[in-house]
Amino acid sequence: MGRDTIAEIITSIRNADMDRKRIVRIASTNITENIVKILFREGFIENVRKHREKSKYFLILTLRYRRNRKIPYLKFLNLKKISRPGLRIYSNLPQIPRILGGIGIVILSTSQGIMTDREARLKGIGGEILCYIW
């Protein structure tokens, strides 16, 4: 049975966020690298670096946290996986959802690569909805 790498990324980041861990290590593939680049560009991740152990590559992510520690802990990242191997969810251009009125982002897999909902609207294309982040 194959692995769902997107679900693994989302689960690893969500678990680290709930545990207040600052560093997450995930396996490096083309899909994970593209999703991590989007998260870094949108400001959800503070730093990314590629690490090699023996013959395998890993991405080391540094998560961004709120500075004020006196208030009760609130999750910084909210991630929700939409498409899964058993049920793919596709959307054309007019039906791409807006998360929190445009505050959150939708990550899409399109014919021109993995991109955010804003980029897909600018290019005028739709695709498979991978996940929501807000």
Side-chain angles (χ1 to χ4, degrees):
M1 184 157 248
R3 294 176 16 180
D4 187 7
T5 56
I6 299 167
E8 288 178 9
I9 296 169
I10 291 172
T11 303
S12 297
I13 293 173
R14 187 185 307 122
N15 289 344
D17 185 46
M18 289 187 337
D19 242 7
R20 297 186 196 182
K21 294 193 189 275
R22 208 167 150 81
I23 296 186
V24 181
R25 185 181 129 180
I26 58 174
S28 176
T29 63
N30 289 337
I31 295 172
T32 58
E33 286 181 20
N34 289 333
I35 292 174
V36 166
K37 283 179 189 175
I38 290 172
L39 292 173
F40 180 69
R41 193 174 59 226
E42 295 289 328
F44 292 107
I45 294 176
E46 195 170 297
N47 192 11
V48 180
R49 65 188 162 94
K50 200 169 189 176
H51 179 69
R52 181 180 179 186
E53 285 183 15
K54 297 181 182 172
S55 63
K56 296 184 179 180
Y57 286 94
F58 294 96
L59 294 174
I60 309 295
L61 313 177
T62 306
L63 300 179
R64 186 178 301 265
Y65 284 108
R66 296 190 176 125
R67 301 285 184 229
N68 188 356
R69 302 240 184 225
K70 294 179 182 177
I71 61 172
Y73 178 70
L74 301 172
K75 288 194 314 183
F76 180 69
L77 283 171
N78 290 305
L79 299 111
K80 184 176 181 186
K81 175 108 169 75
I82 302 301
S83 222
R84 53 191 173 92
L87 179 64
R88 304 286 185 187
I89 306 295
Y90 295 95
S91 176
N92 55 9
L93 180 63
Q95 295 175 342
I96 295 174
R98 292 187 187 271
I99 305 302
L100 295 176
I103 295 173
I105 62 171
V106 177
I107 296 182
L108 297 160
S109 176
T110 66
S111 59
Q112 297 180 9
I114 295 177
M115 61 183 69
T116 65
D117 57 334
R118 290 181 211 113
E119 295 168 349
R121 282 190 189 95
L122 287 175
K123 292 185 178 185
I125 55 175
E128 180 185 352
I129 300 175
L130 298 178
C131 61
Y132 297 155
I133 302 168
W134 70 94

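Model, not experiment: these values are computed from the prediction.
- A search for side chain to side chain contact (heavy atoms under 4.5 Å, CB included) contacts involving R98 returns R121, not counting sequence neighbours.
- Shown here for K81 and A7, the closest heavy-atom pair between the two residues is CE-N, 3.8 Å.
- Not counting sequence neighbours, Q95 has no partner by the side-chain hydrogen bond (donor to acceptor under 3.5 Å, both in side chains) test.
- For N92, the CG atom is densely surrounded, since the number of other residues' heavy atoms within 6.0 Å is greater than 12.
- Between atom OG1 of residue T110 and atom CD1 of residue I107 there is a gap of 12.0 Å, rounded to the nearest 0.5 Å.
- Atom CG of D117 is separated from atom CD1 of I105 by 7.5 Å, given to the nearest 0.5 angstrom.
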Does the pair I133 and E42 meet the rule for a side-chain contact (heavy atoms from CB on, under 4.5 Å), with working shown?
CA-CA 10 Å; I133 302 168; E42 295 289 328; over 6 Å; no
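- One finds the CD1 atom of I10 at 6.5 Å from the CD1 atom of I35 (value rounded to the nearest 0.5 Å).
- Taking the ring axis of Y57 as reference, the NZ or CZ atom of K50 stays within 45° of it and closer than 6.0 Å to the ring centre.
- A search for side-chain hydrogen bond (donor to acceptor under 3.5 Å, both in side chains) contacts involving T116 returns nothing, not counting sequence neighbours.
- Annotation for R52 and K54: closest pair NE-O, 3.0 Å, computed over non-hydrogen atoms.
- Closest approach of I96 and A120 over heavy atoms only: CD1-CB, 4.1 Å.
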For H51 and R25, run side-chain contact (heavy atoms from CB on, under 4.5 Å): C-alpha distance rounded to whole Å, both residues' side-chain angles, the deciding distance at 0.1 Å, then the answer.
CA-CA 9 Å; H51 179 69; R25 185 181 129 180; 5.9 Å; no
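- Here the closest heavy-atom approach between residue R64 and residue E46 is recorded as NH2-CA, 3.8 Å.
- Separating the OG atom in S109 from the CD1 atom in I31 is a distance of 7.0 Å, to the nearest 0.5 Å.
- The minimum heavy-atom distance linking A27 with T32 is given by the pair O-OG1, 3.3 Å.
- If you take CD1 on I6 and CD1 on I82, they are separated by 11.5 Å, rounding to the nearest 0.5 Å.
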Verdict with reasoning, I89 to S83, per side-chain contact (heavy atoms from CB on, under 4.5 Å):
CA-CA 5 Å; I89 306 295; S83 222; 4.2 Å; yes
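- Closest non-hydrogen pair, L39 versus I13, comes out as CD1-CD1, 3.9 Å.
- With values rounded to the nearest 0.5 angstrom, I103 atom CD1 is found 12.5 Å from W134 atom CH2.
- Screening L63, L61, I60 against I23 for a side-chain contact (heavy atoms from CB on, under 4.5 Å) leaves a single residue, I60.
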